[in-house]
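The chains referred to below are lettered A, B, ... by the order of the sequence lines, with proteins before strands, and numbering in each begins at 1.
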Number of protein chains: 2
Amino acid sequence: MTPIHQTRNELLIVAKRHFAARGYQGTSLAGVAAELGVTKQALLHHFKSKPLLYGACLDQLNQDLLHLLFTAMEGTEEAELQLERCLVALSEFYLQDSAAAALVIGALIDAPGQAALSAADVLPLQDFLEPLVALVQAVPRWRGGGFAEALAVAVELLGAICLQSAARSNLSIRFGETSVEQGRHLAARHARDLVKDRLGG
Amino acid sequence: MTPIHQTRNELLIVAKRHFAARGYQGTSLAGVAAELGVTKQALLHHFKSKPLLYGACLDQLNQDLLHLLFTAMEGTEEAELQLERCLVALSEFYLQDSAAAALVIGALIDAPGQAALSAADVLPLQDFLEPLVALVQAVPRWRGGGFAEALAVAVELLGAICLQSAARSNLSIRFGETSVEQGRHLAARHARDLVKDRLGG
DNA sequence: TTTTATACCTACCAAGTGGTAAGGGTTGTG
DNA sequence: CACAACCCTTACCACTTGGTAGGTATAAAA
């Protein structure tokens, strides 16, 4: 009963939500454990430490994003279309996993060395970021710009798409839940438009 | 000597940097005070509590952004041009005040009620967000879309511009400082292009 | 001079943090 | 049955956190 992988996955889901909502520093092991109905030592049993738990969350997120990216790249060689599919899929992914967007932004903003990222450790989401930048660089409009410009555009696109989902609950309080929810359902279309506007002619 | 306003302003500058780099929860009063060469009680003397210190930081940021917005709106009635100037000025502002971008994102992501934002308290940066959304809604391309769509576009633009600056140190480690610095100097031009692409025909 | 206010200090505290040690309960396996 | 592996517990610990209490030094105002 309660096979290990299922349990571990449930822990990760709750942990991701906490890390997303409160940030790395604002998340306490006791808080995550309490929501799961276990003690914090149960958490420390599965993941050895808080940084490792955070790392596991980002690893799982990284895998989800990679799957999303490679799926988007199937069936066509055209970089612009691949990017469009990828970012549309990303914005749709955020509709389900509402914690993911805040985690992505957190992983990009957090000062390295602060959380789970020691020197030897791989930087979180790097596996996803590198092909994304490469994809931007392969688009005709940005092909001549060099790596720095492609990186800037990739981060720009990421920021445009992530912030909306990450700020959902905050914006609901500011401007009313109906407006925000209305806007959320436009997310995929906006992502498509955004890519076309920024990468197309 | 050490007139109050100057001192208070220096405290705020350091505090903003800490809040931006480590987040609200990750910032300790002792840490901020140590960098200033004073004790944390000196901080608590000027700002009564940590939430109030955070609120003071966001208030100052709010004023800077408002000044930036109104300056951008002078001399023309055309919403699209106003928005273009505003977002270009914003990206240039981030070049100087590197903490600002992370603070903006933080203020948009933080679950309300967590930091300085009690129910009665005004939501941080709201004074800046509302006219920004109104400005998007006044642009011909989005005029027919309603409030929800304008809000989504405004947040999208904000995310695109803020994340680049907020993630600077992180991206430097990932992709090398030269590439990131190179991209930073393109920020203003990218902001202009972005607005034209997304708000123009 | 006395009073008041500002700016800052030392000393202290209750609460919460991540983490360790050690053991109990259950499960499969030899 | 014995044994080990796994899951999770209670108990505890060192440390940091935001915040309070009370005192000191300076300087301006009465």
- Message: Listing request: all ring-ring contact (aromatic ring centres under 6.0 Å, His included) pairs with a residue in residues 153-189 of chain B, at least two apart in sequence or in separate chains.
- Response: A/F147-B/F175

- Under 4.0 Å between a side-chain N or O of B/H46 and OP1 or OP2 of C/dT6? no

- Hey, is CD on A/Q126 packed in by over 12 heavy atoms from elsewhere, all under 6.0 Å? yes

- Item | Residue list, salt bridge (charged side-chain N to carboxylate O under 4.0 Å, His left out) with A/R184, at least two apart or on another chain | A/E181

- B/R22 CZ to D/dT17 C1': how many Å, rounded? 15 Å

- With A/H18 via ring pair (Phe, Tyr, Trp, His ring centres under 6.0 Å) - residues at least two apart: none

- Is there a side-chain polar atom (N or O) of A/H45 under 4.0 Å from OP1 or OP2 of D/dC7? yes

Mind listing the N/O atom pairs, protein and nucleotides 22-24 of chain C, below 3.5 Å?
none

- Please state how far atom OH in B/Y54 lies from atom C1' in D/dG19, giving the value in whole angstrom units. 20 Å

- Selection residues 56-103 of chain A - residue pairs positive for ring-ring contact (aromatic ring centres under 6.0 Å, His included), sequence neighbours left out: none

- Item | Gap between atoms CZ and C1', on A/R8 and D/dC6 respectively (whole Å) | 14 Å

- Task: For B/L43 and C/dT6, give me the distance from atom CG to atom P, rounded to whole Å.
- Result: 18 Å

- Item | Those residues that, when tested against B/R143, pass salt bridge (charged side-chain N to carboxylate O under 4.0 Å, His left out) (two or more places apart) | none

- Query: Considering residues at least two apart in sequence or located in another chain, which fulfil the salt bridge (charged side-chain N to carboxylate O under 4.0 Å, His left out) criterion with A/D193?
  - Reply: A/R189

- A/F19 meets the ring pair (Phe, Tyr, Trp, His ring centres under 6.0 Å) criterion, sequence neighbours left out, with A/Y24, A/Y54

- Query: Once each nucleotide of nucleotides 9-20 of chain C is scored for protein heavy atoms under 4.0 Å, what B/S/- sequence comes out, 5' to 3'?
  - Reply: SBB-----SBBB

